[in-house]
Each structure stands twice: as C-alpha cells, then as structure tokens.
Amino acid sequence: MRIGRMAALSGASPRSLRHYEDVGLLRPARSPSGQRVYEAADVDRVITIQHLLAGGLGTAVVKDLLPCLDAPAHERTGHLQDRLREEVERLEGRRRELARQVAVLGDLLAEQPPPGARGGPGRPVA
DNA sequence: ATTCTCACA
DNA sequence: TGTGAGGA
C-alpha cells in the first residue's frame, strides 16, 4: 500500500510517516517511481510507534525497542519490559518534580495581592 | 488525484 | 509537525 492508505489505517499523517522513516523507525520499500510502499503488517507497527511516542519516549528509545516489537513473543529478552519500566520511573520522577514546582509557584501566587485597578497584572515589578 | 523533495515568519 | 512550492 502507498502512504495515503497507511496514513488512513494507522492514524499517522503522511507527514509523520515520512518523518518516522527519516529517523529510522520505518523503512518502506520504494516503487520504481519512488513512491513508498508499505506492508499491511506494518500498520500495527506504526500504531505501536505512535503509542510509544505519545507515552513520551524519544525516537531514539523507540528505535532501540523496534527489534523487540518485531521479535516473536516467545523469544523476547525482556528488554522491552526493562526499558518501559525505566521510562515509567523516569516519568514518575519528573512528575514529582513538576508537582514540587507547581506547589512553589502556587505559594508565590497565593502571596500576591489581588490585582488592583492600578499596576494591574502583567506589569513586571522591580 | 497522489505522492515526492525541499524549505520556512 | 504543518504548509506550500514545483515537478512526476
């Protein structure tokens, strides 16, 4: 199938599909005229890639996990699981850091006097 | 009508 | 990642 159909079936825009190829996530064949030719079996792969990307993984990480996604379920090394756990830990750490920052900014905001008529909001104070 | 590459206020 | 140009 060509890029248009893959886009429709996977939900990834043609733009994204070309991008995935640029970063090495996909290697569709080419027709003699230069058009990308995708295998029907790649639809799942593209969908999985989108899930991983949506989960906040970088393209480098996703690229590293591709062999796991291609390998038959019975001969997986657990690398995928390890990597996902690693990412979850990293994101949870970030979540805690963000919560801390939200708390700090929240406190600062609470200390601010209500916006008055003069010297309204938006004016940087010295 | 589709897709391709390249480039960007 | 979107958008548009210019060509096949």
Side-chain angles (χ1 to χ4, degrees):
Chain A
M1 67 178 85
R2 290 173 308 180
I3 200 170
R5 181 154 183 68
M6 175 54 97
L9 295 181
S10 69
S13 67
R15 180 73 175 76
S16 296
L17 291 173
R18 296 190 184 103
H19 180 62
Y20 295 161
E21 182 178 349
D22 285 340
V23 296
L25 264 30
L26 253 35
R27 331 201 36 183
R30 295 290 182 135
S31 73
S33 62
Q35 300 199 318
R36 275 162 265 250
V37 175
Y38 298 88
E39 298 302 309
D42 288 335
V43 175
D44 272 359
R45 200 194 156 91
V46 173
I47 291 175
T48 300
I49 288 175
Q50 293 223 290
H51 286 165
L52 260 15
L53 257 21
L57 303 200
T59 54
V61 176
V62 175
K63 188 175 178 180
D64 176 56
L65 294 178
L66 289 184
C68 304
L69 303 180
D70 294 331
H74 56 279
E75 56 179 65
R76 288 187 175 167
T77 64
H79 184 236
L80 175 62
Q81 282 67 29
D82 291 345
R83 210 41 185 285
L84 289 179
R85 267 190 275 277
E86 190 179 316
E87 293 300 324
V88 167
E89 282 181 41
R90 182 176 64 74
L91 291 173
E92 285 181 334
R94 250 189 49 179
R95 176 185 59 68
R96 285 189 286 274
E97 174 63 8
L98 287 175
R100 191 184 63 73
Q101 295 180 343
V102 167
V104 171
L105 292 184
D107 287 348
L108 288 176
L109 181 58
E111 292 171 17
Q112 296 306 303
R118 288 162 302 293
R123 179 173 59 85
V125 293

Neighbour count >12 (heavy atoms, 6.0 Å) for atom CZ, A:R94: no

In one Ile/Leu/Val/Met/Phe/Trp/Tyr side-chain cluster, 4.5 Å: A:V43, A:V37: no

Could you pull out all donor-acceptor pairs under 3.5 Å where a side-chain atom in residues 11-18 of chain A meets a protein atom, sequence neighbours excluded?
| from | atom 1 | to | atom 2 | distance (Å) |
| --- | --- | --- | --- | --- |
| A:S13 | OG | A:S16 | N | 3.0 |
| A:S13 | OG | A:S16 | OG | 3.0 |

Any residue of residues 4-21 of chain A with a heavy atom less than 4.0 Å from an atom of DNA chain B: A:G4, A:R18

Partners passing side chain to side chain donor-acceptor pair (under 3.5 Å) against A:R100 (at least two apart in sequence or in another chain): A:E97

Salt bridge (Lys or Arg N to Asp or Glu O under 4.0 Å) evaluation trace for A:R95 with A:E92: CA-CA 5 Å; A:R95 176 185 59 68; A:E92 285 181 334; 5.5 Å; no

Whole angstrom value for the distance that separates P of B:dT3 from CZ of A:R2: 5 Å

d(CG, A:D22; C1', C:dG2) in whole Å: 15 Å

For residues 47-63 of chain A, which side-chain donor-acceptor pairs fall under 3.5 Å, sequence neighbours excluded?
| from | atom 1 | to | atom 2 | distance (Å) |
| --- | --- | --- | --- | --- |
| A:T48 | OG1 | A:D44 | O | 3.0 |
| A:Q50 | NE2 | A:Y20 | OH | 3.0 |

Flag side-chain contact, heavy atom, 4.5 Å: A:L25 against A:R45: no

Runs of at least three Watson-Crick or G-U pairs with DNA chain B, cut-off 3.5 Å: B:4-8 with C:2-6

Minimum side-chain heavy-atom gap A:R83-A:L80 below 4.5 Å: no

Single hit among A:M6, A:M1, A:R27 for side chain to side chain contact (heavy atoms under 4.5 Å, CB included) with A:D42: A:M6

In one Ile/Leu/Val/Met/Phe/Trp/Tyr side-chain cluster, 4.5 Å: A:V23, A:I3: yes

Residues within residues 31-50 of chain A bordering DNA chain C, heavy-atom distance below 4.0 Å: none

